[in-house]
Amino acid sequence: MNLESLNKKFEAIFSCKPQGIASSPGRVNIIGEFTDYNDGFVLPCALEFNTKVAFSPRADNQVVVHSLQYPNEKDNFSLSTDITQGNSQWGNYIRAVAFVLKRSGAQLTGINLLIESNVPQGAGLSSSAALEVAVGGAFNHVNKLGLNEQALALFGQQAENDFMDCQCGIMDQLISAKGQVNNALLIDCESLETSSVFLPDDLSLVIINSNYPRKLVESEYNQRRIDCEQAAKKMSVNTLRHSTIKMLDAVKKDLTINEYKRAHHVITENIRVIKATDALKNNDIGSLREQMNESHQSLKNDFEVTVPATDGLVEICKEALQERGAVRMTGGGFGGAIICLCRAEDIAVIRKAVKNNYAQNFNLEASIFVCQAGEGLTIIE
Ligand code: ADP
Ligand code: MG
């Protein structure tokens with residue numbers, strides 16, 4: 001939807017013009033899975049899919065929010081009393097952001113919000129982080145809080161951790177806030193330093209959602225986090241960032257088999273992120289393929305977060321692309337999406353291979369998104 005239509009919709013709902021529009025993108029992770037909460041490295045890029053939040057200040061202390069994706073459901077809550085969960089599932093994300101900002105001591109005035117997004121929800125492209133960062137951007141602008149992108153990303157993560165009960169790391173919010181057109185971002189999740197990595201012009205980003213129904217994954221995620229923390233503890237380091245395979249093997253007898261395997265994934269994945277970054281910088285698709293392939297195998301065998309549908313999609317695309325592409329699962333796993341990096345002329349090859357081989361073997365329809373690396377948080381006045 002263009003800005004003019006969004007402005008009109010806003011006026012129709014709130015009977016005033018928006019003061020501005022905050023826009024924040026979804027993301028895809030090229031490599032570096034489950035490394036963020038272990039203080040390691042990740043290499044995501046922001047997408048051109050984004051979530052726009054039109055906003056205007058109010059004279060009272062109410063937050064009134066509508067979403068064009070949920071036309072029959074609005075949420076409103078007061079900033080003067082404790083912010084608690086409401087009846088709207090999606091409205092809770094807005095409450096969550098207001099909750100963490102308020103908790104930090106920020107003085108917030110009432111606000112009207114209208115959300116519009118083309119980020120597919122629940123497809124592994126992190127529509128929730130896009131929403132949190134855009135809403136944070138709107139509060140920041142209206143209340144002149146002076147928060148930079150990194151701070152807004154941290155508030156988005158806290159919103160998800162402390163209000164939505166999802167123990168995610170910092171990757172999704174940070175790339176949504178700081179993404180750059182045509183670039184991926186190498187993020188050091190310990191220092192939160194970022195450096196942009198140019199995506200070669202002739203490389204296409206193809207994201208394929210398996211549409212495998214995710215269920216009961218929360219406890220699985222949390223258990224893996226605990227296993228990583230235990231492994232770090234037994235190696236006497238704060239996080240797995242500061243461990244090596246040599247250190248891991250030295251304490252192997254003290255670790256459960258799962259602690260060993262989870263840590264093995266994280267330690268080797270951090271090395272792969274750095275190698276893949278170099279491969280991208282050199283437009284070396286062979287080396288990129290090797291790192292992404294090993295990442296997938298490690299997520300399958302050591303971290304155990306793939307499912308037959310995502311393993312199958314990866315095999316289908318690898319078979320179709322051969323040495324012309326790099327493929328792996330991306331995102332939180334237990335279903336979700338895979339990513340292929342390939343030349344533009346091979347997109348048709350992927351489409352054909354998926355059409356011919358996925359539905360019939362897995363009884364699911366895949367969704368294919370051909371993407372460009374987009375811009376991070378922007379505020380339009
Ligand atoms: P993902 O982040 O992978 O897309 P999540 O389950 O983490 O999936 O987040 C999806 C949730 O985010 C939705 O269920 C909804 O509550 C909220 N959300 C995302 N986009 C919008 C939107 N445009 N309007 C309202 N809520 C949204
Ligand atoms: Mg999410």
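Since this is a predicted model, take the numbers as computed values, not measurements.
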(message) Tell me whether Arg225 is salt-bridged to Glu229, with the criterion being a basic N under 4.0 Å from an acidic carboxylate O.
(response) yes
(request) Tell me yes or no: between the side chains of Ser80 and Asn61, is some donor less than 3.5 Å from an acceptor? (result) yes
(message) The criterion is side-chain hydrogen bond (donor to acceptor under 3.5 Å, both in side chains); which residues satisfy it with Gln291, sequence neighbours excluded?
(response) none
(message) Can you tell me how far apart CD1 (Ile187) and OG (Ser196) are? Round to the nearest 0.5 Å.
(response) 11.5 Å
(message) For Asp346, is there an ion pair with Arg324 - N to carboxylate O distance below 4.0 angstrom?
(response) yes
(message) Is it true that Ser5 and Asn2 share a donor-acceptor pair across their side chains at a distance under 3.5 Å?
(response) yes
(request) Would you check if the side chain of Arg27 reaches a backbone N or O of Gly124 as a donor-acceptor pair within less than 3.5 Å? (result) yes
(message) Looking only at the aromatic ring of each residue, does the gap between the centers of Phe139 and Phe155 stay below 6.0 angstrom?
(response) no
(request) Measure centre to centre between the rings of Tyr212 and Phe362, then say whether the value is under 6.0 Å. (result) no
(message) So which atom in Phe34 and which in Val266 form the shortest heavy-atom distance, rounded to 0.1 Å?
(response) O-CG2, 3.8 Å
(message) I'd like to know if Glu11 and Lys8 make a salt bridge, using a cut-off of under 4.0 Å between side-chain N and carboxylate O.
(response) no
(request) Would you give the length of the straight line joining atom CZ of Phe77 to atom CD of Gln85, rounded to the nearest 0.5 angstrom? (result) 11.0 Å
(message) So, taking the atom named CG in Asn258 and the one named CG in Asp302, what distance separates them when rounded to the nearest 0.5 Å?
(response) 10.0 Å
(request) Can you see which heavy atom on Asn161 is nearest to which on Gln167, and at what distance? (result) O-NE2, 3.2 Å
(request) Decide, yes or no, whether a salt bridge links Lys261 with Asp227 under the criterion of side-chain N to carboxylate O below 4.0 Å. (result) no
(request) Check the hydrophobic clustering (I, L, V, M, F, W, Y; side-chain heavy atoms under 4.5 Å; chains of links allowed) and say if Ile83 and Phe55 are grouped together. (result) yes
(message) Under a 4.0 Å threshold between the charged nitrogen and the carboxylate oxygen, would Arg328 count as salt-bridged to Glu33?
(response) yes
(request) To the nearest 0.5 Å, tell me how far Phe10 CZ sits from Lys52 NZ. (result) 15.5 Å
(request) Check for a donor-acceptor pair, side chain of Asn183 on one end and backbone N or O of Val181 on the other, with a separation under 3.5 Å. (result) yes
(request) Determine the minimum heavy-atom distance between Asp188 and Arg241, stating which atoms define it. (result) OD1-NH1, 2.8 Å
